[in-house]
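Written below as structure tokens is the structure these notes are about.
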Amino acid sequence: MDNRWNYETERPGEHPAQNREADRKMIYMDNAATTKTAPEVAEAMMPYFTELYGNPSSLYEFSDKAREGIERSRTVIAEMIGAKPEEIYFTSGGTEADNWALIGTAQAYAWKGKHIITTKIEHHAVLHTAQYLEEHGFQVTYVNVDENGMVKLKELEQAIRSDTILISVMFANNEIGTIQPIREIGEIAARNGILFHTDAVQAFGQLPIHVGRYHIHMLSASAHKLNGPKGTGFLYIQNGVQTQGWIHGGAQERGRRAGTENVPGIVGMGKAAERAAATMARRIQKERRLRDYLIWKMMKEVPYVRLNGHRSQRLANNASFCFQFVEGESLLIMLDMKGICASSGSACTSDQADPSHVLLACGLPPEIAHGSLRLTLNEENTMEEMDYVAASVKEAVGSLRKKSPAYEDFVKGNIQGRG
Ligand code: PLP
């Protein structure tokens with residue numbers, strides 16, 4: 001027998017027979033981590049790799065096309081959030097936009113005050129930036145959330161001090177999908193004369209956004225969450241907000257973010273935004289139907305499961321659960337064997353052993369937070385896939401619990417379950 005691996009179809013270290021289940025069609029349920037680049041987006045980008053490769057800063061006519069591609073994207077994106085084109089600054093993604101919003105504001109307004117308010121459930125792009133600022137003389141208040149991951153508005157308002165310069169609250173959470181009361185938070189910030197930034201990486205393209213109506217001064221977004229390319233994002237900065245120059249060098253992005261533009265990426269993000277706006281109503285309706293069915297099925301069929309996040313104020317494509325007596329990592333591996341791509345929380349933390357900071361902030365004990373599973377679907381998923389995913393989760397959870405000493409104790413009545 002030939003024992004060599006076929007690397008095209010098998011994972012190294014696995015026997016072909018063990019991998020048979022994974023030969024089935026892949027079901028991608030990790031759209032909060034990233035999305036498939038839409039064919040029309042890739043098509044729109046292609047000419048900017050091949051024919052229209054001019055540097056947008058060059059003076060000859062050939063480069064006009066690259067410049068025009070960038071400006072078209074800027075206009076599409078600005079229109080989508082009710083901003084002016086010159087208020088959109090292209091970045092390398094959501095992480096950079098968050099860093100710029102926090103650090104840029106802190107530097108520019110340090111004369112006014114050194115206090116920032118954010119929440120305990122932000123993405124690490126905001127949390128680690130806030131911690132960096134704390135190491136550099138700023139003070140940060142991390143506001144609590146309730147059991148559904150909803151920011152406590154009273155606590156947020158009470159945290160405001162005379163030296164508060166910025167409030168940063170995410171639009172929708174990447175792990176549990178909870179949508180925050182952004183308009184109310186914007187009103188609190190406006191009433192108190194404080195700048196308001198929102199990390200809208202999971203919301204842009206998934207929810208209607210209007211920066212004026214919500215009193216948003218800065219907003220971060222990322223193309224790869226809406227079927228656009230990776231490595232491209234933007235920061236909306238309202239005219240008049242004094243964030244300092246972020247990357248120093250040439251005069252690109254009105255002198256605030258230097259460096260030759262990622263023209264294909266920016267063009268792709270513009271196309272992805274256009275596509276997301278045109279399909280939003282239909283897409284959300286379909287995703288919500290699939291998601292609600294999946295949640296219903298999971299709650300009905302799997303014992304000792306908890307739905308994480310708010311029941312109704314949640315992203316249309318997010319279903320997040322905790323399974324008692326189960327290790328999230330083991331569950332992910334078993335689902336992978338069944339061709340299901342899922343995540344235990346944030347993609348950026350999925351290689352860390354600590355339970356999710358978001359679930360802990362929602363008040364879950366670590367042993368329950370460890371058993372988390374995030375399923376984020378897209379409009380291409382089907383009801384049959386939801387059935388398959390629910391059945392696979394049920395089977396995997398059942399077999400993991402059989403190996404769990406804690407579950408055995410629980411069954412014997414030695415410890416209490418948490419339902
Ligand atoms: N903010 C949130 C809420 C996110 O979900 C992510 C990515 O998962 C980011 C920021 C980082 O965005 P990017 O991957 O474009 O750097």
Side-chain angles (χ1 to χ4, degrees), residues 28-37 41 73 77 88-103 118-132 142 145 149-151 168-180 182 185 197-207 209 216 218-236 246-247 257 262 265-266 268-270 272-273 276 308-310 314-318 320 341-352 356-359 361 372 374-378:
Y28 188 72
M29 297 283 285
D30 202 15
N31 286 275
T34 197
T35 56
K36 178 168 79 176
T37 306
V41 169
S73 284
I77 288 166
I88 304 298
Y89 295 84
F90 293 119
T91 66
S92 64
T95 300
E96 185 192 326
D98 285 341
N99 271 257
W100 185 1
L102 268 71
I103 297 173
T118 187
T119 79
K120 289 192 175 162
I121 59 159
E122 299 299 309
H123 188 274
H124 283 142
V126 166
L127 281 183
H128 288 170
T129 306
Q131 284 159 14
Y132 166 85
Y142 301 89
V145 296
M150 202 59 95
V151 171
S168 180
V169 178
M170 69 199 321
F171 212 110
N173 185 268
N174 48 304
E175 293 188 30
I176 58 174
T178 300
I179 301 167
Q180 298 300 335
I182 290 298
I185 297 168
H197 164 252
T198 185
D199 173 344
V201 167
Q202 294 291 336
F204 180 65
Q206 278 290 105
L207 293 171
I209 297 177
I216 297 167
M218 285 170 284
L219 177 145
S220 312
S222 178
H224 73 106
K225 309 290 185 180
L226 54 143
N227 304 101
K230 292 165 186 57
T232 311
F234 71 86
L235 179 65
Y236 153 78
W246 175 237
I247 306 251
R257 201 270 185 187
N262 171 6
I266 292 169
M269 180 162 56
N308 300 316
H310 198 280
R314 72 185 303 132
L315 290 169
N317 72 345
N318 175 294
S320 163
C341 302
S343 127
S344 57
S346 160
C348 312
T349 51
S350 55
D351 59 345
Q352 291 174 12
S356 145
H357 66 283
V358 175
L359 296 176
S372 62
R374 178 185 73 178
L375 298 165
T376 45
L377 44 90
N378 65 56

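In each ligand, atom 1 is the first atom listed, and ligand 1 is the first ligand listed. Treat the numbers as computed from the prediction; the structure is a model and nothing was measured.
Of the residues listed (Ile185, Val201, Ile209, Asp199), the one engaging Phe171 in a side-chain contact (heavy atoms from CB on, under 4.5 Å) is Ile209, and it is the only one.
Atom OH of residue Tyr236 and atom OG of residue Ser220 lie 12.5 Å apart, to the nearest 0.5 angstrom.
Listed by number with element, the atoms of ligand 1 under 4.0 Å from a non-hydrogen atom of Gly93 are 15 (O). Listed by number with element, the atoms of ligand 1 under 4.0 Å from a non-hydrogen atom of Met170 are 3 (C). Distances below 4.0 Å separate heavy atoms of Ser222 from the following atoms of ligand 1: 13 (P), 15 (O).
Of the heavy atoms in His224, only side-chain atoms (C-beta onward) come closer than 4.0 Å to ligand 1. In Thr95, the parts holding a heavy atom less than 4.0 Å from any atom of ligand 1 are both the side chain and the backbone. Residue contacts with ligand 1, taken as heavy atom pairs separated by less than 4.0 Å, involve Asp98 solely via side-chain atoms from C-beta onward.
In this structure, the side chains of Leu207 and Leu315 come closer than 4.5 Å at one or more pairs of heavy atoms. At a threshold of 4.5 Å between non-hydrogen side-chain atoms, the residues Met218 and Leu235 count as touching.
Taking the ring centroids of Trp246 and Tyr89, they lie at or beyond the 6.0 Å cut-off.
Contact annotation: Lys225 has at least one heavy atom less than 4.0 Å from an atom of ligand 1.
Although no hydrogens or angles enter the test, the distance criterion places no donor-acceptor pair under 3.5 Å between the side chain of Thr178 and the main chain of Arg314.
Which of His123, His124, Glu122, Glu96 comes nearest to atom 2 (C) of ligand 1 through a heavy atom is settled by distance: it is His123.
Val151 and Gln180 make their closest contact through N-OE1, 2.9 Å (heavy atoms, listed as atom of the first residue, atom of the second, distance).
In terms of polar-atom proximity, Gly94 is counted as a contact of ligand 1, with an N or O under 3.5 Å from an N or O of the ligand.
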